[in-house]
Amino acid sequence: MIYHSVFLQFKSDLSQEQRDTFFVEAKKLAQIPGVQNLQCLQETSPKNPFEYGLIMQFETEQIYEAYTQHPDHVHFVENVWIPAVANFQEIDYTQIP
């Protein structure tokens with residue numbers, strides 16, 4: 001199982017309406033084949049500079065790679081992510097046997 005996570009800061013001039021639209025669009029990523037347990041998260045600790053997070057799971061590396069190349073994911077990155085996000089950290093995990 002691949003645990004894919006990305007934590008982000010929005011651009012400072014992004015309105016609340018634009019932030020809301022970002023998450024509406026992000027939730028659509030769950031419709032891409034192979035995406036499991038998509039969650040949109042909000043940071044609660046002042047220790048972390050990232051305000052929000054997206055996490056999801058994939059059964060295999062091949063399914064994860066297919067997701068990254070899927071036209072809906074590419075559209076999200078180009079038309080939603082890039083215009084909205086100032087900074088991010090992507091972290092992918094697998095379980096320790």
Side-chain angles (χ1 to χ4, degrees):
M1 183 71 68
I2 307 292
Y3 297 86
H4 173 63
S5 62
V6 61
F7 301 96
L8 62 112
Q9 290 175 318
F10 285 123
K11 293 180 178 176
S12 61
D13 61 347
L14 210 66
S15 71
Q16 186 59 51
E17 181 179 346
Q18 290 170 307
R19 290 170 186 236
D20 293 344
T21 299
F22 176 93
F23 288 111
V24 167
E25 295 300 316
K27 290 175 183 176
K28 292 178 183 177
L29 296 173
Q31 299 170 6
I32 297 175
V35 174
Q36 298 179 27
N37 303 319
L38 172 67
Q39 296 179 44
C40 298
L41 308 170
Q42 185 170 5
E43 175 61 62
T44 60
S45 172
K47 299 175 198 171
N48 185 343
F50 299 107
E51 304 166 293
Y52 298 97
L54 303 174
I55 60 173
M56 59 189 79
Q57 298 172 328
F58 299 91
E59 284 289 329
T60 66
E61 183 71 31
Q62 293 78 18
I63 294 171
Y64 173 64
E65 289 302 320
Y67 160 80
T68 64
Q69 298 171 22
H70 192 280
D72 292 346
H73 176 257
V74 172
H75 173 82
F76 176 79
V77 170
E78 292 175 355
N79 298 289
V80 179
W81 182 273
I82 290 173
V85 174
N87 192 16
F88 71 95
Q89 175 68 52
E90 183 173 334
I91 304 172
D92 297 325
Y93 300 92
T94 59
Q95 285 188 326
I96 298 171

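The structure presented is a predicted model; accordingly, all values stated were derived computationally and were not measured.
- Applying the 6.0 Å contact sphere to NZ of K11 captures more than 12 heavy atoms from other residues, nucleotides or ligands.
- Residues passing the salt bridge (Lys or Arg N to Asp or Glu O under 4.0 Å) test with E61: none are found, sequence neighbours excluded.
- When all heavy atoms of L54 and C40 are compared, the closest pair comes out as CD2-SG, 3.5 Å.
- A side chain to side chain donor-acceptor pair (under 3.5 Å) check over residues 74-85, counting only residues at least two apart or in different chains, returns the pairs H75-N79.
- No single ILVMFWY cluster, assembled from side-chain heavy atoms under 4.5 Å apart, contains both I82 and V24.
- Contact detail for A30 and V35: the closest heavy-atom pair is CA-CG1, 3.8 Å.
- Here Y52 and F22 keep their ring centres 6.0 angstrom or further from each other.
- Shown here for P33 and H70, the closest heavy-atom pair between the two residues is CD-NE2, 4.0 Å.
- Minimum heavy-atom separation, I55 to S5: CG2-CB, 3.5 Å.
- A distance of 13.0 Å separates CD1 in I32 from CD1 in I63, rounded to the nearest 0.5 Å.
- Contacts classified as side chain to side chain donor-acceptor pair (under 3.5 Å) and involving residues 83-94 (residues at least two apart or in different chains) are given here: H4-D92, Y64-E90, Y64-D92.
- A distance of 13.0 Å separates CD of E51 from OG1 of T44, quoted to the nearest 0.5 Å.
- F50 and L38 are assigned to two separate hydrophobic clusters, defined by single-linkage of ILVMFWY side chains at heavy-atom distances under 4.5 Å.
- Scanning for side-chain hydrogen bond (donor to acceptor under 3.5 Å, both in side chains) contacts around Q18 gives S15, with sequence neighbours left out.
- When all heavy atoms of F10 and L8 are compared, the closest pair comes out as CE2-CD1, 3.8 Å.
- Taking K28 as the reference, E25 meet the side-chain hydrogen bond (donor to acceptor under 3.5 Å, both in side chains) condition, with sequence neighbours excluded.
- L29 approaches H73 most closely through the heavy-atom pair CD2-CA, 4.1 Å.
- Linking ILVMFWY residues whenever their side-chain heavy atoms come closer than 4.5 Å, directly or via other members, leaves F7 and F88 in distinct clusters.
- Under the 4.5 Å side-chain contact rule for hydrophobic residues, M56 and V6 share a cluster.
- In this pair, Y67 and F58 present their aromatic rings tilted. The plane angle is within the 30 to 60° band.
- Residues that satisfy the salt bridge (Lys or Arg N to Asp or Glu O under 4.0 Å) test with E65, not counting sequence neighbours, are absent from this structure.
- Taking 4.5 Å as the limit, some side-chain heavy atom of Q36 sits within range of a side-chain heavy atom of E59.
- Neither V74 nor V80 shares a network with the other; the hydrophobic side chains, linked directly or stepwise wherever heavy atoms of I, L, V, M, F, W or Y lie under 4.5 Å apart, form separate groups for each.
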